[in-house]
Amino acid sequence: MRQKQGRYRPGGRPASVTPDERDRLKFQMVRVRFAPSPTGYLHIGSARTFIFNWLFARRQQGTMILRIDDTDVERNTQASLDSIYDGLNWLDLGWDEFYRQSDRFELYTKAAWEVFEKGHAYRDFTPMNAAPEEKSDSGGWLCNPGMRELSREESDRRAAAGEPFVLRFRVPRETGRVVTFKDLVYGDQAKSTADIEDFALLRSNGAPTYHHASCVDDADIRITHIVRGQDHLSNTFKHILLFEALGVEPPLFAHLPLLIAPDGSKLSKRRHGPVVSVMTYRDAGFLPHAYVNFLCLLGWNPKDDREKMSRQELIDAFSFEGVNRSNAVVNFTEEDPIDPKALWLNSQHIYAMSVPDLAALLKPVLELAGFAVDDGRLLKVTALIQERIKTLKDAPSVADFFFADQLAPYDPAELIPQKGDGAMAHKVLERAKESLATAEFTHEGLETALRADATALGLKAGQMFQPIRVAVCGRKNAPPLFETLEVVGRDACLKRIGQALAMLNSQESK
RNA sequence: GGCGCUAUCGUCUAAGGGUUAGGACGGAGCCCUCUCAAGGCUCAAAUACGGGUUCGAAUCCCGUUAGCGCUACCA
């Protein structure tokens, strides 16, 4: 499968392109990237950004690139990186090329000093922990006074003397120029250079900043469309200036509305807990594609009424025209941590699966719950529970009685039918015991026999069936009775009915 | 504070000058029915506020309010 190509394999070689290929691809081939920084697990908002990039790439027959933005050595951890891969692998979408910024530091350093030599950057020797109060005053925040105007000689002298500095971009604000670009989602954007601050390119430890490394990489790997969260919309003006200083044409931009919490705040692990991690949805028994489908519907629509869509349908329908501009709330509460619509969409995808496919997914879940799972029986059970589970994780609690040797304890009062009493339950179960011992053990045969029994006893169908259901399933709600009996099997049915009768007897004797 | 972005049912969204403002989730009710589901039908539920422009505004413009983002040697 093409999508599998880019899957991360620990120890595997990352995909790459040769310079020759690059020139060929440059010829208007769409190239997009997802660029997470490994400072935590894969956030659902990041996952959605990845998905939109992927959809656009596939739609345009372009290239999907994964780039790890790990320029901040202080904050990045291997554990975070691994959990991001876990999340991406679960989504099962894949990528075509891979880059890691920590492998490419020389590229950024070289580019930064080129920008400096061209006069678009200057050394700022202000100590790292300098008082920030100055910045909040009007105008003062644009740059640190004095440093911008330092002569080249003085700058070189202080640098040679070992004084630490950050390399800062020189925004051409005195020109009064207005930077503009057309965002594929948000439309025409404009900002005066007078309102753009001198941002850092290189830290005092020599490491590049996000803005710098990101732009240098985007230029180097020939990204054609930057598709990212709307939180970068304001940063884009800086990036355009940097692209120009680097001497390259800026790519196109498409910013995506953000995913937010029900109270309007941004999703955070501290405040909102595990709902912000994609792994939560895997662990909750979601189908990866169902969750992808759900995320797509947050901030995008196919311009018709479709909700449940296949991967191919999403690819075919995707465009930035369909992306809207306001942030989308992920609907969850403390009691109900999963968005109800996500749950519904998951159930829709489960219902649409073939029984063997679903059974294959259910098997490990049931085994994990401690059941010995026979494949033949699993297929039959799957058909019966398919419309009764919303997630894979629902299966053990819905299908337990098909696999357990011994039923979980239940209240014998549940055996008593509507408008009936213990005597009626007793009568029903005795009669059923006889019928089940001799009836043809298929759902048709069982239905014929048990309906005849109900008539013979002068009972309504429900009054006849409910005690049997409870005796065999251990609860009032279960799949259709005759199919269920058939799958449970004659011996187990008779045994459980016998146990139910014993429970009724001991109740009455009290 | 400065700059930028956004604003339709509780939530996700459609309608980009003329509709009884549509669909979906969730909620309520009914039907189907051996229970539970699934499915079908019905109901409640929205254009933040104020000004314009126009014969006509959810839609265009301005303002207000609210939310979000950027304003780091985080990304």
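Each chain gets a letter, A, B and so on, in the order the sequences are listed, and its residues count up from 1. Side chains are part of it too, since the values below use all heavy atoms of this structure and drop only hydrogens, waters and symmetry mates.
- Here the CZ-CG distance, from A:Phe199 to A:Leu241, works out to 6.5 Å after rounding to the nearest 0.5 Å.
- Within the 3.5 Å criterion, the main-chain N or O of A:Asp411 finds no donor-acceptor partner in the side chain of A:Glu414.
- In this structure, A:Ser326 and A:Pro257 have side chains that are not in contact, with every pair of non-hydrogen atoms separated by 4.5 Å or more.
- Atom CZ of A:Arg158 sits about 10.5 Å away from atom CZ of A:Arg123, to the nearest 0.5 Å.
- Using a 4.0 Å cut-off between charged side-chain N and carboxylate O, A:Glu307 and A:Lys341 make a salt bridge.
- Comparing A:Arg325 and A:His232 against RNA chain B, the residue whose closest nucleotide sits nearer the 5' end is A:Arg325.
- Summarising the geometry, the separation between CG on A:Leu259 and P on B:rC12 is reported as 10 Å, rounded to the nearest angstrom.
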Could you pull out every donor-acceptor pair under 3.5 Å between side chains of residues 450-458 of chain A and any protein atom, sequence neighbours left out?
unit_1, atom_1, unit_2, atom_2, d
A:Arg451, NE, A:Glu447, OE2, 2.8
A:Arg451, NH2, A:Glu447, OE2, 2.9
A:Asp453, OD1, A:Arg431, NE, 3.0
A:Asp453, OD1, A:Arg431, NH2, 3.3
A:Asp453, OD1, A:Ser435, OG, 3.3
A:Asp453, OD2, A:Ser435, OG, 2.4
A:Thr455, OG1, A:Arg451, O, 3.0

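- For A:Glu434, there are no salt bridge (charged side-chain N to carboxylate O under 4.0 Å, His left out) partners two or more places apart in sequence or in a different chain.
- A salt bridge links A:Asp220 with A:Arg104: the closest approach of a Lys/Arg side-chain nitrogen to an acidic carboxylate oxygen falls below 4.0 angstrom.
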>> Protein within reach of the bases, or only the backbone? For nucleotides 57-64 of chain B, mark each nucleotide 5' to 3' as B, S or -, using heavy atoms under 4.0 Å.
In response: --------

>> Can you build the contact string for nucleotides 21-40 of chain B? Use B for base contact, S for sugar-phosphate-only contact, and - for no protein heavy atom under 4.0 Å.
In response: --BBS--------BBBBSS-

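- By the neighbour-count criterion of 12 heavy atoms within 6.0 Å, atom NZ of A:Lys393 is densely surrounded, having more than that number from other residues, nucleotides or ligands.
- Shown here is A:Glu334, whose CD atom has no more than 12 heavy atoms of other residues, nucleotides or ligands within 6.0 Å.
- Base pairing of B:rA66 is made with B:rU6, judged by Watson-Crick or G-U wobble geometry with both donor-acceptor distances under 3.5 Å.
- Mapping A:Ala35 and A:Pro257 onto RNA chain B by nearest heavy atom places A:Pro257 closer to the 5' end of the strand.
- The local environment of NZ in A:Lys266 is sparse, with at most 12 non-hydrogen atoms from other residues, nucleotides or ligands closer than 6.0 Å.
- Using a 4.0 Å heavy-atom cutoff across all strands shown, A:Gly229 reaches no nucleic acid atom at all.
- Look at B:rU11: its Watson-Crick or wobble partner, with both distances under 3.5 angstrom, is B:rA24.
- In this structure, A:Leu233 places its CG atom 13 Å from P of B:rU71, rounding to the nearest Å.
- Distances were taken from every side-chain heavy atom of A:Asn235 (C-beta onward) to each of B:rC5, B:rC70, B:rC3; the shortest belongs to B:rC70.
- Contacts of A:Lys460 with the nucleic acid, taken as non-hydrogen atoms under 4.0 Å apart, are absent.
- Within residues 204-212 of chain A, the residues that place at least one heavy atom under 4.0 Å from RNA chain B are, in residue-number order, A:Ser204, A:Thr209, A:Tyr210, A:His211.
- For the ring-ring contact (aromatic ring centres under 6.0 Å, His included) test with A:His232, the passing option among A:Phe237, A:Phe253, A:Tyr210 is A:Tyr210; the others fail.
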Between the protein and nucleotides 41-46 of chain B, which nitrogen or oxygen pairs come in under 3.5 angstrom?
none

